[in-house]
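Quick notes on the structure that follows.
From a predicted model like this one, the values you see are computed outputs, not experimental measurements.
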Amino acid sequence: KIRASYLNVRNSFLLLFIISTIVFIVAEAWQIKDLPALFKNQCAVFLLISICYYTYNFVRLQRLGEDIEDQVLKEMK
């Protein structure tokens with residue numbers, strides 16, 4: 001159950017990061033004129049915050065996995 005939850009969180013982080021990255025790249029690559037500059041700036045800020053957020057949570061998830069493994073190994077002894 002823990003492993004499934006762990007994988008679910010990881011996959012959702014990756015999916016949201018990929019979506020936000022693609023939206024930003026498409027908006028910049030196609031130079032969509034209909035989008036106001038404020039929207040492009042908001043996309044850039046959102047992408048920067050997303051990178052920080054996903055990196056932080058990825059590290060926390062890895063640490064959680066290590067803590068769970070350590071606890072299991074300790075209980076097996």
The reported gap from CG in Asp67 to CZ in Arg60 (rounded to nearest 0.5 angstrom) is 8.5 Å

With sequence neighbours left out, the residues meeting ring-ring contact (aromatic ring centres under 6.0 Å, His included) with Phe58 are none

The reported gap from CG in Leu15 to CD1 in Ile19 (rounded to nearest 0.5 angstrom) is 4.0 Å

Pair Glu75-Gln71, side-chain donor/acceptor within less than 3.5 Å:
yes

Spell out, yes or no, whether Val72 and Leu64 are grouped together once hydrophobic residues are joined by side-chain heavy atoms under 4.5 Å, including indirect joins. yes

Applying side-chain contact (heavy atoms from CB on, under 4.5 Å) to Ile18 and not counting sequence neighbours gives Ile22

